[in-house]
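A note on names: the letters A, B, ... follow the listed sequences, proteins ahead of strands, and every chain is numbered from 1.
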Amino acid sequence: MAESGGHGVGGAAGVMGGSAPYARRGPSPTALGRWLKGERLGEDAAIALAAGRAAARARARMIGRRVLLSLPALVGVVIVSFVLTRALPGDPAAYFAGPAADAQSIAEIRAQLGLDRSLPEQFLVYVGDLLGGDLGQSISTGQPVLEELARRLPASLELTLSALILSTLVAVPLGVAAAARQGTWVDHACRAVVTAGVSLPTFFTGIALVYVFYYVLGWAPAPLGRLDLLYFPPEPVTGFYTVDAVLAGELETLRGALAQLALPAVTLALFTMAPLARMARAAMLEALGSDYVRTARAAGLSPTRVLYGVAFSNAMLPVVTTLGMVFSFTLGANVLVEKVFAWPGVGSYAVEALVVSDYAAVQGFVLAMAVLFVALNLLIDVIYTLIDPRTRQGA
Amino acid sequence: MTALLDVSDLRVEFATRHGVVSAVQDVSFTLEKGETLGVVGESGSGKSVTSYAVMRILDRGGRIAEGRVSYAGVDLRAASEREMGAIRGREIGMIFQNPRAALNPIRKVGRQIGDVLIRHARATRQTAHDRAVEALRAVEIRNPEARAHAYPFELSGGMCQRVVIALALACDPRLLIADEPTTGLDVTTQKAVMDLIAGLTRARGMSAILITHDLGLAAAYCDRIAVMKDGQVVETAPSAQVFARPAHAYTAKLMRATARPGARLRDLLETPKPEAPRPAPGAALLVVESLAKTFADGVRAVKGVSFTIREGESLGLVGESGCGKSTTSSMVMRLLDPSSGRILLGGEDIGTVPAAHFPRDRRRGAIQMVFQDATDSLNPRFTARRAIADPLMRLTALGGRERAAKVEALAEQVGLPLHLLDRFPHQLSGGQKARVGIARALATSPKLLILDEPTAALDVSIQAVVLNLLADLRAELGMSYLFVSHDLHVVRLLCDRVMVMRGGEIVEEGDAETVMERPAHPYTRSLLDAAPVPPALAAETPLMETARCAP
Amino acid sequence: MTAATPARPTGLRAFLAHGAYVLRDNPVTLIAFALFLFIVFCAVFGPLLAPYDPLESNAARALQPPSADHWFGTDSLGRDVFSRVLVATRLDLAISVAAVALSFCAGSAIGAAAGYWGGWVDAVTGRVVDTIMAFPLFVLAMGIVAALGNTVENIVYATAIINLPFYARVARAEVAIRREAGFAQAARLAGNSDLRVLALHIFPNALPPMMVQLSLNMGWAILNAAGLSFIGLGVRPPTPEWGIMVAEGANFIVSGEWWLAIFPGLALMLAVFTFNLLGDGLRDLVDPRRRT
Amino acid sequence: ADTVVMVMGQTINSLDLHRTGTNRPSYQIAVNAYDRLVEFGVKTLPDGSLSYDYATLVPGVAESWSFSDDGLVITFRLRPEGKFQDGSPITAQDVKWSYDRAVTVGGFPSTQMRAGGLESPEQFEAVDDLTFRVTLKRPSKLSLPDMAVPVPFILNSRLALANATADDPWALEYVHKNTVGSGPFRVTRWEPGQSLVYERNDGYTSGPVPQIARVIVREVPSPATRRALIERGDVQMSFDIPNKDAKELEGTDGLTVNTTPVENAIYILGTNLNFEPFKNKLVRQAVAWSVPYDDVFQTAAYGRGVPMHGGKSFTPETIEWPQPFPYSTDLDRAKALLEEAGYGAGFEVPFYIDLSQSDWMEPAALLIQENLAKIGISAPLEKVPGANWRTASLVEKRLPLHLETFGGWLNYPCYYFYWAYLEGNLFNSANYRNEEIEAMVPKALHLPVDDPEYIAMCKRMIEIAWDEVPRIALWQPAVNAAYRDMTGYEYWFHRQPTIRGWKRA
Ligand SMILES: Nc1ncnc2c1ncn2[C@@H]1O[C@H](COP(=O)(O)OP(=O)(O)OP(=O)(O)O)[C@@H](O)[C@H]1O
Ligand SMILES: Nc1ncnc2c1ncn2[C@@H]1O[C@H](COP(=O)(O)OP(=O)(O)OP(=O)(O)O)[C@@H](O)[C@H]1O
Ligand SMILES: [Mg+2]
Ligand SMILES: [Mg+2]
Ligand code: NI
């Protein structure tokens, strides 16, 4: 078996790409560089650094810098999504004028939608609205985009999160097992299994699962969105039906929500296992081959302790990074799964909007996802600093 | 009295892609209570594998194929994994090379020590912290309470090594195995760490195995020395005896090749050769004036140094890690733009040509460099031939056939067998890679060759050959050298003059012999003191009593 | 290491010997390469081997289950599914290879420049890549195809664009860690300009880890095209393409015509599976350090 | 068990038909939650299924109506007991406000109103609380039926006005999200993209109170899932199912599949006269002779609907519409015609279909494409996304060869011809112009159906359409619904589920 060390890690993020040098800079490169070069920090500086206050300040600075760094990307997203939507073929005015509309009514609608103005003008209006917190109104669903996103986002998030939890619970142990038995059939089998999972188009997996578990076996409930008709959605607190059901103490509803969640979550999880397992394996191999693991063994720590307490905890760092990448990727990719399972999430919303050139909806969706992406990366960064002390030295 | 550790006929095999290879065979040695055994040998001779076999922490694919390892009468080969777990850390402690990497990077050092204490029931969860601080105090770490809360990356290399020692000794083992505990540390730190280890083992009446390839170190700290070669112990004898009367030819070769005071370059070689003549210095070739470099992040790596290298002269630059040696040489090399100062080559200021444009400058060929890490400095995708030809292609107007001839001539010049020219770097040994690097540097017939610790990564015997090669080349080609190193003995062998650098400044400069014999600056003196001095060989001077040798 | 083995094989022979070694070393890689050859074979000879015209419809034999005549059954227009699956290989392979080649070239050039020069080059390309990454990628691909029209070229472009950040990132990271490497310095000393150092010395050494990315993306490119087909933005009918066949066939599963989706689905899965597994083998193959 | 769960594939994007951008599936709100002045009756078809009856108009909000002698004034008498869902009485002011709204908001509603001669608010007058009067510019047979289509639904004007603003005098925002009608059902929950719940209006006054109390509409985009749901009995009604499912589900235990051909609708192959070769009638005829009608009908329509080919004569005997075109598959003849037209060597023409209607367009197009190739016409297929389709095919009319569909709500041949054969009119995607037709249609539109002149004109129009074939009829589509454990399904011309008659078994 030929996968270990840094290079393995580089490629191992799978679909989601490498070690995320753009998204995650971790400690400032020069500081890290100097640390790698073995430069020691002054003794007293070291003590000061260890002090929590300085670390917290450094972290706050780091977050601030990351937010600033992500602003250009958001601006880019706003511009590109605007241009892209305008480049979409078709005339929304004609489309929404409905059947039997004549040229005059189309023109009326065009004016109503503000599409009769020049593109720069439209852009300024759009940006102005955006700054005022107004994402506009979707013409295809007739709802304010913000409202619609707010209602649908929890659905997508709930699906994505459960899929990822599921996927992590399966993939990480698989990756660890593969690394612990590197080169054996266990290793190859793990690789084959997770690769097979990522080899199937999600919509196909979804439909196949529905066919088998609902249509043929009848184990799963009808794929009708988030909750069977028998139940009413729980009082919205988080927007996650499962969580809200628990908060409201409605266990029946919880069961219903979980039952609906099962198949789509499994579909997505199958698809996301590969990068996680790959990364877990590569990171685990690297950790297992490291000097500190040897030290731990030489110090007499039990094999379990060495494997989980030392190697695993270190190997989880790159996995967390991958998890962030996979998460944002999945949020975008569950479009197809949502379609199959009639899941009322943002993905299916975006597809419908795109097909009918519903500018505001597409732009709103893209922007929301971009903000989510940025926030997510920030969160991962923070988690990373929390678990990896090396990143705390700040600027 | 039975030996504390008794290893006999040990053979360790590894399952590799080429089938099973045996890394170590027929290794036998014993270790008495309170004794310190040095294991010396060149890289790959099986020193580490032997120690790992004793601890039964061989890498995946490795197994003890034959032999007996008994510790205090317990057969370690037959012991269960559970029993081994109890022995490791409590009975036998181990220290590794590269201390920073040997510590779990995301756990506070105090906790790491605490983990071991708890594991061996030397502390409870409640007392673990206090006991860990005690252990840290025992290794003479200043302010141990605060250090216990530090992560490894917050500590210097020397401190990390102390922590590793604390970790290894936390449970009062009776045997300590130290696998190259000081490689990668500065000479001054190295001495402090070794003194600490020696002091602690002596105070606690422990036995120790010190693995090293530095004969001086072994001689200074060990009672007996085992010499390993190709997976076998070729000789075991008391230290003094090994040096005085090496029984095995290999041992003699090793001794001989070690740079030491009083020896001349040729003395290092197996087969004596006439000393290469040192060319008489000519006119000033390189004049450096108040050269300074401040990096973007504000680090003032070099704070205004001035020196002159004359034609045919060899100037040594010594100093501890991080003092700015490489930065200085990079600037002279025109790989890095100085913040201020002038670099005059043959009277022309080359410092004004931006580093980014210098590759195309006509004077590029005049200054070349041999790098510290031969492996790193060779493109893994280029064969040796291509690596040597590259500067010829870029900097000379030679045609294809002439170039091929020149490459072979260069290879011959540096003593590289021609059949090796089509190999990739990973197919060459360390010494061969060093030769490729030198041949490449010579390709453009430079006037000034900068040698940035060219032998630091090499075994002593290869180092001896390479140093001699460099001396011969200088004599032959009349080049000037700027030789960067932190090994004072080596510098003395090759250089006419020496500069001592500290914190980006030159603190002392002078004739090599003078600086070595009568250092003016206290810093130079401390450097000299810290360097372990291998005993002189029998053939040269009578055996010196090794004063620092542990009883 | 044996010091003086005489006359090592050179050039192509050495490469082949190395290849043989890599394959022997790892059964999974061996299988992957065998499958890959099989896929390439189908792509090249598929149209010759197909028993029926993949486009010829025949209402009389519509929706027949697999039989001796029609191994994979027939579709709703009576076309032979086996022939269509076979013939589709070429197009699918072409789409993924073209998309990956494009994004590999563009992405690695951008990433390598960013990694090598850093500074504002890095800042600008970094922001561009960030912007692409911040998009929900599949939706971005949909948008591009919808905006430009659903032709094969546009599918390729869209797939290339959304894959680009991954190469840029890997290339940037791999180049950055080698920027100050000894051999890069040595190359500068040898008179190589920055561009040459980057292109001829550093970049080739960054290839092995990128190979893994390459193969993963090949698979992903096919899946992406399939997803676009499912949304209706894929290759135009009646061109046979696996994704569109699965997408259309998916609607027939519930009505019992499973063969419409299963067979192209299996072909798709096999291809993606092969590409994914191929990565490690490819990396070993281009990595000279693995030559012995 | 007084609840019906229905699945459908599309999204309801507004509760207000008058609003700009309201899509077709949303028309069902106007049908189920609102009333009109008059409604079409319901009849039993020969196969026992129920259908709306174009021939009879029954009272809605109005209990009676009368025409003035010159046919220019229609006076409606509202039901005195008529109540909105909030309990307030339905008055003539409400009706006038609703009619004013329909003709003023523009877009499709106003266009549809114009078809019946209902163009401006001056035409509508609330004489007293219960009397409403409409004045026409000229008498037309279209006027009264046009009042029974979904568009002129009656809103509770007081409630609406209470939620109107200066910017939004017609309360479009409020009505978009709330139903303010008098219909048999009220919408109690609406989550766009997910579901919509109808609850029975127990105080319904414009007809019998429905039997079922609740209808839950779920949007399920995947047709496969919809099929699984109805097959497994998790839902009672799957509306507008694909022909294939209809064919295969027929005969499934406990499941009723209803297929009704859509009146006045044809799926056609359009040959755009902007495209040089299609300017030649012979080329169009050649194309018409080359279509593999039977295969298309079996493969694309799964035999659902009515074939529209193989008519015996080029002269129509009746004015029934649609009736089979006199073409069938005859490649030799097609080739000969092409030769004659001077296109013996064939030509290439892009063939456009709509992405969102690819379920039928794609198989049909592929089969047609294959046969066209046989007579030397190469027709590469282009799929146009939904948003662009309308613009390209109907507004800009720039698609050389394409598939289209049109069905007139008002079931007269002249109405069809008005939209589909008059130059510039929306559904004339072929850019066809024929002077005779241009002259006849405006006249025929308003003539009574039994007028001999009307019959003659219609026959002539049909004859021209057959001879010139800018639109080549493929078949008359059908709307399919599958249901179980319920009865009372009715087919309606607007192709929306009309739930008032539904009953749970
Ligand atoms: N995991 C392994 N698999 C295969 N061979 C190994 C492995 N570890 C060590 N060897 C081989 O065993 C031999 C002895 O290696 P060892 O690490 O003991 O050398 P060493 O004397 O410690 O050298 P150094 O001074 O460089 O540390 C070497 O030839 C090495 O190639
Ligand atoms: N690119 C850089 N950016 C910032 N600081 C740097 C950079 N390169 C070197 N330094 C710093 O400059 C100082 C001198 O470094 P230099 O590499 O010259 O030391 P050295 O004497 O060669 O050490 P060694 O013996 O370890 O090679 C160190 O403190 C180092 O951390
Ligand atoms: Mg070693
Ligand atoms: Mg250095
Ligand atoms: Ni492997």
Side-chain angles (χ1 to χ4, degrees), chain A residues 1-3 6-8 10-12 14-23 70 72-74 76-77 80-81 84-85 87-89 188 191-192 195-196 198-204 207-208 210-211 215 274 328-329 331-333 335-336 339 347 350-351 354-355 362 365-366 369-370 373-374, chain C residues 25-28 126-131 133-140 142-144 146-149 165-166 168-170 172-174 176 208-213 216-217 219-220 223 226-227 230-232 243 246-247 250 253-254 261 265 268-270 272-273 276-277 279-280 283-284 290:
Chain A
M1 275 307 304
E3 181 182 311
H7 298 342
V15 191
M16 260 56 44
S19 38
Y22 282 119
S70 52
L74 287 185
V77 165
V80 175
S81 66
L84 195 67
T85 48
L88 287 176
H188 294 305
R191 185 146 81 117
T195 311
V198 81
S199 299
L200 277 171
T202 44
F203 59 88
F204 181 73
I207 290 172
V210 168
Y211 179 66
Y215 186 75
S328 52
F329 170 78
L331 258 183
V335 167
L336 298 169
K339 219 169 134 76
V351 175
L354 194 81
V355 172
V362 174
F365 165 78
V366 168
M369 298 313 264
F373 175 83
V374 166
Chain C
D25 182 40
N26 190 335
V28 179
R127 294 297 86 74
V128 169
V129 168
D130 276 356
T131 303
M133 279 307 292
F135 266 94
L137 292 181
F138 184 69
V139 177
L140 179 61
M142 281 173 54
I144 295 172
L148 301 181
F166 302 119
R169 286 171 164 215
V170 178
R172 178 184 180 275
E174 296 294 334
M210 292 185 74
M211 282 298 137
V212 177
Q213 190 68 41
L216 291 180
N217 279 6
W220 198 39
L223 287 182
F230 185 69
I231 302 291
V246 178
I253 290 187
V254 169
L268 187 74
M269 178 172 165
L270 194 74
V272 180
F273 189 74
N276 280 341
L277 291 187
D280 301 316
R283 178 192 50 200
D284 293 358
R290 298 193 166 265

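Both the backbone and the side chain of A/Ser81 come within contact range of chain C, each with at least one heavy atom under 4.5 Å from a heavy atom of that chain. Of the atoms belonging to C/Ala247, heavy atoms from both backbone and side chain fall under 4.5 Å from chain A. Of the atoms belonging to A/Val77, heavy atoms from both backbone and side chain fall under 4.5 Å from chain C. Contacts between C/Ile253 and chain A at a heavy-atom distance below 4.5 Å involve backbone atoms as well as side-chain atoms.
In this structure, A/Pro72 and C/Asp130 have side chains that are not in contact, with every pair of non-hydrogen atoms separated by 4.5 Å or more. Under the 4.5 Å side-chain criterion, counting only non-hydrogen atoms from C-beta, C/Ile231 is in contact with A/Leu336.
Among C/Leu140, C/Leu277, C/Leu137, the residue with the largest count of heavy-atom pairs under 4.5 Å with chain A is C/Leu277. Note on C/Ala176, C/Gly219, C/Ala226, C/Gly265: by heavy-atom pairs under 4.5 Å with chain A, the leading option is C/Ala226. The choice from A/Phe204, A/Tyr211, A/Tyr215, A/Phe203 that makes the most heavy-atom pairs within less than 4.5 Å of chain C is A/Phe203.
The CD1 atom of A/Ile207 sits 4.5 Å away from atom CZ of C/Phe230, with the distance rounded to the nearest 0.5 Å. Taking CG of C/Leu223 as the reference point, atom OG of A/Ser199 lies at 7.0 Å (rounded to 0.5 Å).
Across all non-hydrogen atoms, the minimal contact from A/Pro201 to C/Leu268 is CG-CD2, 3.0 Å.
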